[in-house]
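Following: one structure in structure tokens, then a few remarks.
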Protein chains: 2
Amino acid sequence: MHDDLSPLCSRFLEAADLLGRRWTGVILRILMDGPCRFGELTERIGTISERVLSERLKDLEAEGILERHVDPGPPIRSEYRLTEKGQAFWKVIDELGKWAERWVDVKATRAAPRKRKSA
Amino acid sequence: MHDDLSPLCSRFLEAADLLGRRWTGVILRILMDGPCRFGELTERIGTISERVLSERLKDLEAEGILERHVDPGPPIRSEYRLTEKGQAFWKVIDELGKWAERWVDVKATRAAPRKRKSA
DNA sequence: GGCACTTACTTACTTTTTGGAAGTTACTTG
DNA sequence: CAAGTAACTTCCAAAAAGTAAGTAAGTGCC
């Protein structure tokens, strides 16, 4: 007997794990439109908490998917932009967007806790 | 002042939320290869807990992405297979796979808790 | 200089999700 | 009928995400 039937490619597992963290897809989607600052990301996403946004940005930076640029103004501003690796993700986001447009039906307005089951 | 600058399409948010739950992408990836039973999914994924697999399958069924077929054998067996909506997801999975192959470098073996930071 | 305001985050604390392992139910086989 | 298997469920602990308040650096005004 084998202990493992056709194990999934570990690269795929990593990629899926990346997207499997909440907000990752949305952050990437926004950055596809161009560099963005912390506050702008917060506003555009709308319901993400700053705590998690900060964490996610660090993750993505550590993964080499985006870079943080600090412009010491004087009005100091930081900006997040995709690296080549991050840009390359656009096809995934694009297909996800197409799928969503075709198959997701807009129901109610989503609230904070992922989903309120019925009541 | 506006309270919301270019809000993201809510369909996209839903789709991203779907994929933003751990294991969703992996489950979909496996089902792309054809119908699969509970135990087989468990084995192929390797590190998912049955508790979560069960939950995720229910979610996906509720979303109309997959269907559960129970074959009352006698050797009773259940099988999960993608619906049309689920099949349509293949492009997303495919692009994710391509991206992973090109950009993810295989490092260590992944352990259970998402990621062990250093120590 | 002091006070108010902004940006970009942290920190502390609570609620959800996920993981791990041991049941449970239904049926099969010896 | 004891043992085993498949497909789950339950219970409990650990990790992740939500919420809100706090911090640090800098600007604008008086």
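Note that the structure is predicted; figures quoted are calculated from it, not measured. Any value given below was found using the heavy atoms of this structure, including those in side chains, with hydrogens, waters and symmetry copies removed. Order of the sequence lines sets the chain letters (A, B, ...), proteins ahead of strands, with each chain counted from 1.
- You'll find that the side chain of A:Arg56 is closest to D:dA17, out of D:dC8, D:dA17, C:dT7.
- As rounded to whole Å, 10 Å separates atom P of D:dA16 from atom CG of A:Asp17.
- Each of D:dC8, C:dT18, D:dA17 was ranked by its minimum atom distance to the side chain of B:Arg21; first place goes to C:dT18.
- If you take NE2 of B:His69 and P of D:dA7, they are 15 Å apart, rounded to a whole angstrom.
- The shortest distance between the side-chain N/O atoms of A:Ser78 and the OP1/OP2 oxygens of C:dC9 is below 4.0 Å.
- A salt bridge does not link B:Glu79 to B:Arg77: none of the charged nitrogens lies less than 4.0 Å from a carboxylate oxygen.
- A salt bridge between B:Glu55 and B:Arg51 is present, with a side-chain N of the basic residue lying under 4.0 Å from a carboxylate O of the acidic one.
- Using a 4.0 Å heavy-atom cutoff across all strands shown, A:Ser49 reaches at least one base atom of the nucleic acid.
- The CD-P distance, from A:Glu79 to C:dA8, rounds to 10 Å in whole Å.
- Taking 4.0 Å as the cut-off between side-chain N and carboxylate O, B:Asp33 and B:Arg44 count as a salt-bridged pair.
- Atom CZ of A:Arg77 and atom C1' of C:dC9 are 15 Å apart (whole Å).
- Here the P atom of nucleotide D:dA7 and the CD1 atom of B:Ile45 are 14 Å apart, to the nearest Å.
- In this structure, A:Arg22 and A:Val52 have side chains that are not in contact, with every pair of non-hydrogen atoms separated by 4.5 Å or more.
- When all heavy atoms of B:Leu18 and B:Leu60 are compared, the pair lying nearest together is CD1-CD2, 4.1 Å.
- OP1 or OP2 of C:dT10 has at least one side-chain nitrogen or oxygen of A:Lys58 nearer than 4.0 Å.
- Contact annotation: A:Thr42 does not reach the phosphate of C:dA8 (side-chain N/O to OP1 or OP2, under 4.0 Å).
- Atom CZ of A:Arg68 and atom C1' of C:dC9 are 9 Å apart (whole Å).
- Set against C:dA8, D:dC8, C:dT18, the side chain of B:Tyr80 has D:dC8 as its closest nucleotide.
- Note on ring orientation: taking the six-membered ring where Trp is involved, the planes of A:Tyr80 and A:Phe38 are tilted (angle from 30° to 60°).
- Here C:dG20 presents its P atom at 14 Å from CG of B:Leu53, a figure rounded to the nearest Å.
- In terms of position along DNA chain C, the nucleotide closest to A:Leu57 lies nearer the 5' end than the nucleotide closest to the other residue of the pair A:Leu57 and B:Ile48.
- Rounding to whole angstrom units, CD of residue A:Glu55 and C1' of C:dA8 are separated by 16 Å.
- In terms of heavy atoms, A:Arg11 sits closest to B:Val104 at NH1-O, 2.5 Å.
- Distances from the side chain of A:Phe38 to the nucleotides C:dC9, C:dT18, D:dA7 place C:dC9 closest.
- Note that the CD atom of B:Glu101 and the SG atom of A:Cys9 stand 6.5 Å from one another [nearest 0.5 Å].
- Contact annotation: A:Arg22 reaches the phosphate of D:dG18 (side-chain N/O to OP1 or OP2, under 4.0 Å).
- Not one side-chain nitrogen or oxygen of A:Trp23 sits closer than 4.0 Å to the OP1 or OP2 atom of D:dA16.
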Tabulate protein N/O versus nucleotide N/O from nucleotides 10-13 of chain D, keeping only pairs under 3.5 Å, one per line.
none

